[in-house]
Amino acid sequence: MSRFPTAWRECVGTGRMELALRRDHQDSLALIQREIGFRHIRGHGLFSDGMGIHRPYVHAGERRVRHAFTYLDQVVDAYLELGIRPFLELGFMPSGLASGDQTVFWWGGNVTPPASHTEWADLIGATLRHLIGRYGIDEVRGWPIEVWNEPNLPQFWQDADADAYHHLYEVSANAVKDVDAALQVGGPAISPGDDKWLETFAAFVSRHDVPIDFVSRHAYTSGPARHVPFGVHQSLAPASALLDQFALPRRQLAGTPLGGLPVHITEFNSSYRPDNPVHDTAFHAAYLAPVLAGGGDLCDSFAYWTFSDMFEEEGVPTALFHGGFGLLTHRQIKKPIFHLYAFLARLAPEFVSRGPDHLVTADDSGRVTVLAWAPVDHTDAANSPATHHVLLSVPAPGPAVFLLRSSVDDERGNAWSAWREMGRPHSPTARQIDMLREAAEPARVHRSVPVTDGRAEIEIVLARHEVTLLELTPVVDETPPWWDDSRLVSGEER
């Protein structure tokens, strides 16, 4: 048997890096790492003013720059303590180095080129040398370094100027390699939509022999936003469109000098909006289940955007459930999509089989795990099938196995549903938060399953938008010979 790819857990997204200084962010990441365990974390704003790294000043009539790492040290220390490592994104432009005043997001990330590319290179070099001095070269060599974010969109890079980005990338990549040749640098971190950008970028770095160790892009499936107060509604393409986007870089770069490089999808989700209520639903978990099950065949990592609703690109959220990207709401309430990831984390490592609605894995101890999901109607969630049947025959040691099933769907393991039934309170009380946390836990059932000729026959009946995990473990019967369960409330022999 081959090992099931773990590209799904190689990286996860966060908001801007300075959010890691907040308690809710720290508590949420600790829970994520305890129950899922991602390996890298990527966010915006490493060089934005909120991190306070680039600090120009004037002394003796001369402009100088001090590089300060007070907040960066706290953020990275917290990451490493939780067993997760940075996936560094070089951006946005500090105001003291920016050539213009164009910004993106409520918190104002500057998206203009540097006024001095030399000073930008100095900023990169100083930051990396500091990190190496603090954490060691072997550690930092394991942190991918991505140049900018979505430069093919004018919101994220002034005029979406490809030539200006290519120059920024060249200066940045050389600055990285000047610190240490084994550091990993890549890009262009493009948004879906203009797929020729990657080909143009690849031609540039190949023609000019610019360093590149990986290529990156993003993937989303939502259509234009229809705005309502404090939210949006959007149409969705089929989830298979995400897999098509995951596969595109390797297809585009095949036969080029970049053809064999690792491919990182450094953001993906259904909607690209942090205020779309679809993110909070069981539909969303069932929609993305086949993507998580199959994405590792197409790329080296795909990072869910994001792990937490601690996220302020469109402003401070106005309600506990507001359609945020997170696997968790504020105050660590688990969404159905959290459970999809937690189920994946409990899968056995060896791949057995996969179908359009299930994935089967096993390990050497005889433990078998099954992830199954109900198909969805991406055009209208209400039209998804009310029930869905999966019939499986799985390898199992005899004479019986113990089956534990954990499930989330439109009602079970669904805090969003409970919150709606509460009346959608904007600021739930402490007791309401406790109730929502309880409502967010998966439903669990268990039973013994007979084994015949080394196989267990299982019928899984899935409710609408259900995602379920089955764990089958060998039964070793250690019941003493004198025990009789029929006599629990009787002293008489039968």
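Values reported hereafter were calculated over all heavy atoms of this structure, with side chains retained and with hydrogens, waters and symmetry mates removed. Residue numbers run from 1 in the order of the sequence given.
- In this structure, Phe156 and Phe105 have perpendicular ring planes: the angle between them is above 60°, well past the 30° mark.
- Checked by atom type, the side-chain pair Arg226/Ser235 shows no donor-acceptor distance below 3.5 Å.
- Under the 6.0 Å cut-off for aromatic ring centres, Phe92 and Phe47 do not qualify, their centroids lying 6.0 Å or more apart.
- A distance of 7.5 Å separates CG in Leu29 from OG1 in Thr14, rounded to the nearest 0.5 Å.
- No side-chain donor from either of Arg464 and Ser384 sits under 3.5 Å from a side-chain acceptor of the other.
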Please evaluate residues His284 and Asn269 with respect to the criterion side-chain hydrogen bond (donor to acceptor under 3.5 Å, both in side chains), reporting the C-alpha separation (whole Å), side-chain torsions for both, the decisive distance (0.1 Å), and the verdict.
CA-CA 9 Å; His284 193 240; Asn269 208 313; 2.9 Å; yes

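- Classification of Arg3 and Asp363 as a salt-bridged pair fails, no side-chain N sitting under 4.0 Å from a carboxylate O.
- No side-chain heavy atom of Asp280 sits less than 4.5 Å from a side-chain heavy atom of Trp419.
- Side chains of Asn152 and Arg217: no donor on one and acceptor on the other come within 3.5 Å.
- Checking side-chain atoms of Arg437 against main-chain N and O of Arg331 turns up a donor-acceptor pair under 3.5 Å.
- In terms of modelled atom types and a separation under 3.5 Å, the side chain of Lys177 and the main chain of Leu183 share a donor-acceptor contact.
- Here the straight-line distance linking atom CG of Leu328 with atom CZ of Phe307 works out to 7.5 Å at 0.5 Å rounding.
- Lys334 and Glu441 are joined by a salt bridge, as a carboxylate oxygen and a charged side-chain nitrogen come within less than 4.0 angstrom of each other.
- When each of Thr329, Thr281, Asp309 is tested with Lys335 by the rule side chain to side chain donor-acceptor pair (under 3.5 Å), just one qualifies, namely Asp309.
- One finds the CD atom of Glu81 at 12.5 Å from the CD atom of Gln33 (value rounded to the nearest 0.5 Å).
- Ring centers of Tyr341 and Phe38: under 6.0 Å apart, within the cut-off.
- Listed for the Arg42 side chain is no donor-acceptor partner under 3.5 Å among the backbone atoms of Leu88.
- Note that CD1 of Ile53 is 12.5 Å distant from CG of Leu97, once rounded to the nearest 0.5 Å.
- Side-chain N or O atoms of Tyr165 include one that pairs as donor or acceptor with a backbone N or O of Val147 at under 3.5 Å.
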Audit row: Phe87, Phe214, ring pair (Phe, Tyr, Trp, His ring centres under 6.0 Å) steps and yes/no:
CA-CA 12 Å; Phe87 193 122; Phe214 64 86; 5.7 Å; yes

For Phe302 and Leu292: C-alpha separation, side-chain torsions, deciding distance, then whether side chain to side chain contact (heavy atoms under 4.5 Å, CB included) applies.
CA-CA 9 Å; Phe302 49 102; Leu292 271 64; 4.2 Å; yes

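- With hydrogens and angles left out, the side-chain atoms of Thr221 and Ser270 include no donor and acceptor closer than 3.5 Å.
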Given Gln332 and Ser28, is the side-chain hydrogen bond (donor to acceptor under 3.5 Å, both in side chains) satisfied, shown in steps?
CA-CA 6 Å; Gln332 300 80 58; Ser28 294; 3.0 Å; yes

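- With 3.5 Å as the limit, one finds no donor-acceptor pair spanning the side chains of Glu350 and Ser2.
- Two residues are said to be in side-chain contact when any heavy atoms from C-beta on lie closer than 4.5 Å; Val12 and Ile36 fail this criterion.
- For the residue pair His465 and Asp410, a side-chain donor N or O sits within less than 3.5 Å of a side-chain acceptor on the partner.
- In summary, the aromatic rings of His117 and His167 are positioned with their centroids under 6.0 Å apart.
- For the pair Arg354 (side chain) and Ala293 (backbone), a donor-acceptor distance under 3.5 Å is present.
- A salt bridge does not link Asp122 to Arg129: none of the charged nitrogens lies less than 4.0 Å from a carboxylate oxygen.
- For Trp157 (side chain) and Leu153 (main-chain N/O), no donor-acceptor pair under 3.5 Å exists by modelled atom type.
- Side-chain contact annotation: Arg444 with Ser406, donor-acceptor N/O pair under 3.5 Å present.
- A side-chain donor-acceptor contact under 3.5 Å links Tyr304 to the backbone of Phe325.
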Using the ring pair (Phe, Tyr, Trp, His ring centres under 6.0 Å) rule, take Tyr220 and Phe268 through it: C-alpha gap first, then chi angles, then the decisive distance, then the call.
CA-CA 6 Å; Tyr220 293 95; Phe268 91 95; 8.2 Å; no

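- A distance of 9.5 Å separates OG1 in Thr361 from CD in Glu471, rounded to the nearest 0.5 Å.
- Looking at His264 and Ser216, their side chains never bring a donor and an acceptor atom within 3.5 Å of each other.
- Not a single donor-acceptor pair under 3.5 Å links the side chain of Glu313 to the backbone N or O of Trp107.
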Mind running side chain to side chain contact (heavy atoms under 4.5 Å, CB included) on Leu470 and Leu404 for me, showing each step along the way?
CA-CA 6 Å; Leu470 280 65; Leu404 176 66; over 6 Å; no

Stepwise side chain to side chain contact (heavy atoms under 4.5 Å, CB included) test for His330 and Leu320
CA-CA 7 Å; His330 292 85; Leu320 180 66; 4.3 Å; yes

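- For the residue pair Ser407/Glu466, the side-chain donor-acceptor check at 3.5 Å is satisfied.
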Candidate pair Arg141 and Asp180, rule side chain to side chain contact (heavy atoms under 4.5 Å, CB included), full reasoning
CA-CA 9 Å; Arg141 282 174 176 169; Asp180 182 80; 2.9 Å; yes

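- In summary, Glu312 and Arg22 engage in a salt bridge, as defined by a charged side-chain N under 4.0 Å from a carboxylate O.
- Judged purely by distance below 3.5 Å, without hydrogens or angles, the side chains of Ser191 and His218 never pair a donor atom with an acceptor atom.
- Checked by atom type and distance alone, the side chain of Glu146 never pairs as donor or acceptor with a backbone atom of Gly187 at under 3.5 Å.
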His233 and Asn276: side-chain hydrogen bond (donor to acceptor under 3.5 Å, both in side chains), yes or no, with the steps?
CA-CA 6 Å; His233 297 293; Asn276 186 325; 5.5 Å; no

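- More than 12 heavy atoms of other residues, nucleotides or ligands shown are found within 6.0 angstrom of CZ on Arg207.
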Pair Tyr135-Trp143, ring pair (Phe, Tyr, Trp, His ring centres under 6.0 Å): steps then yes or no
CA-CA 11 Å; Tyr135 304 107; Trp143 305 354; 5.7 Å; yes

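- For the atom pair Leu123 CG and His67 NE2, the distance stands at 5.0 Å (nearest 0.5 Å).
- Between Tyr169 and the choices Trp120, Trp148, Trp197, Phe201, the ring pair (Phe, Tyr, Trp, His ring centres under 6.0 Å) rule is met once, by Phe201.
- Using a 4.0 Å cut-off between a side-chain N of Lys or Arg and a carboxylate O of Asp or Glu, Arg134 and Asp77 qualify as a salt bridge.
- Donor-acceptor pairing under 3.5 Å is lacking for the side chains of His25 and Ser308.
- A donor-acceptor pair shorter than 3.5 Å cannot be found between the side chains of His54 and Asp49.
- Other residues, nucleotides and ligands contribute over 12 non-hydrogen atoms within 6.0 Å of the CZ atom of Phe204.
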